[in-house]
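For reference, the structure is listed below as structure tokens.
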Amino acid sequence: MVYKALTVAGSDSGGGAGIQADLKTFQELRVFGMSALTAVTAQNTLGVQGVYPLPPDAVAQQMESVGTDLGADAVKTGMLFSAEIIEAVAAKVRQFGWDRLVVDPVMIAKGGAPLLQEEAVSALKTYLLPLAMVATPNIPEAEALTGLKIQSIEDRKEAAKRLHELGVKHVVIKGGHDDDGEETVDILYDGSEFFYFTSKRIKTKHTHGTGCTFSAAIAAELAKGKTVQEAVQTAKSFIQAAIEHELGIGHGHGPTNHWAYRDKQTR
Ligand SMILES: Nc1ncnc2c1ncn2[C@@H]1O[C@H](COP(=O)(O)OP(=O)(O)O)[C@@H](O)[C@H]1O
Ligand SMILES: Cc1ncc(COP(=O)(O)O)c(N)n1
């Protein structure tokens, strides 16, 4: 059986985040990867040097090409840049009935460069999040989407509930940015229960692309027909291995190691 996943995201020339992270992750998890590019970024481990968005029609056409021929068992979105691109993407998701949809609401690169225009946040809430089977905001993104200030686990649970009310079926609020403590905790809310995915916090500056990789791993597992809980568990193990076995390349915040999880399985 060949499982297929489509990523709708931006290109990271440095290869650690965006489309490149997504396709590498799909491949590592034995899922055939396809892509619809939303923007080209000139980017490396030191930061984002340029952002060149594509016309919304070009994004829609790539999705149309995939949808009318190959089809997709799961879809994920990353950097979408503008309200116009978000509306175009949501329309195609509806047209093809892509219900195994993971929305990673990418807003700001780790170095501070904006990857989503500020006025596009409401488009994300209106058009795309209601279609999501899973959404994976980090703490700053959950704050921007809900208007809440998130400090405690209780605050994160409240934010998850608010996002569920927008129509997101499963909300994962990631804990990478909560840098107190010895652990990272990702919280999953399915509308009735909370589930916790905990791992040892790794002390490293090489976390470029962690969010992209994590959400791509969820999409890959959903493509195989796994449940959301199973998919999040595998994604958490995948990203833990990728951070733990850092590659140490570039002069700034380096990428994670996308082959570490497979190495661990086959060792
Ligand atoms: N230092 C770390 N050690 C272990 N896991 C981490 C670390 N930083 C992030 N993660 C994990 O990586 C994933 C992405 O989290 P996060 O960094 O919050 O997202 P983003 O890249 O969108 O900002 C989550 O599963 C989180 O728990
Ligand atoms: C094209 C692109 N998309 C997304 C991110 C976010 O990366 P991160 O996973 O580190 O938040 C990025 N830096 N570049």
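We count ligands from 1, going down the list as the structure has it; atoms in each ligand are counted the same way. Not measured: the values here are computed from a predicted model.
- Here F194 pairs with Y189 under the ring-ring contact (aromatic ring centres under 6.0 Å, His included) rule; sequence neighbours left out.
- Looking at ligand 2, you'll find an N or O of K110 within less than 3.5 Å of one of its N or O atoms.
- Close contacts between ligand 2 and G10 involve ligand atoms 1 (C) [criterion: under 4.0 Å to a heavy atom].
- Between the side chains of K226 and T234, no donor N or O sits under 3.5 Å from an acceptor N or O.
- Ligand 2 has an N or O atom lying under 3.5 Å from an N or O atom of G211, backbone or side chain.
- Within the structure, every pair that satisfies the salt bridge (charged side-chain N to carboxylate O under 4.0 Å, His left out) test and touches residues 130-148, not counting sequence neighbours, is listed here: E143-K149.
- Listed for the D73 side chain is a donor-acceptor partner under 3.5 Å among the backbone atoms of K4.
- With atom 7 (O) of ligand 2 as the reference point, the heavy atom nearest to it among S13, G18, C212 is part of C212.
- Around atom 12 (C) of ligand 2, the closest heavy atom drawn from L80, T38, L115, V48 belongs to L115.
- For D155 (side chain) and I150 (main-chain N/O), no donor-acceptor pair under 3.5 Å exists by modelled atom type.
- No side-chain donor from either of Q117 and S82 sits under 3.5 Å from a side-chain acceptor of the other.
- We find the NE2-OG1 distance between H208 and T256 to be 9.0 Å, quoted to the nearest 0.5 Å.
- Taking 4.0 Å as the cut-off, S11 counts as a neighbour of ligand 2 on heavy-atom distance.
- Partners of H253 under the ring-ring contact (aromatic ring centres under 6.0 Å, His included) rule, at least two apart in sequence or in another chain, do not exist in this structure.
- For the side chain to side chain donor-acceptor pair (under 3.5 Å) criterion with S199, the lone passing option out of E183, E244, Q240 is Q240.
- At the shortest separation from atom 14 (N) of ligand 2 among protein heavy atoms lies Q43 NE2, 3.1 Å.
- Residue D12 places no N or O, backbone or side chain, under 3.5 Å from any N or O of ligand 2.
- Not a single heavy atom of A9 sits closer than 4.0 Å to an atom of ligand 2.
- Using a distance-only test at 3.5 Å, with no hydrogens or angles considered, a donor-acceptor pair links the side chain of H206 to the main chain of G254.
- Side-chain contact check for L80 versus V8: some heavy-atom pair is nearer than 4.5 Å.
- Within ligand 2, counting atoms from 1 as listed, the ones closer than 4.0 Å to a heavy atom of G209 are 8 (P), 9 (O), 10 (O).
- Under 4.0 Å from any atom of ligand 1, one finds heavy atoms of residues K110, N138, K174, G176, H177, T184, D186, K200, R201, I202, T210, G211, F214, K236, I239, Q240, I243.
- Ligand-side atoms of ligand 2 in range of H208: 10 (O), 13 (N), range being under 4.0 angstrom from any heavy atom.
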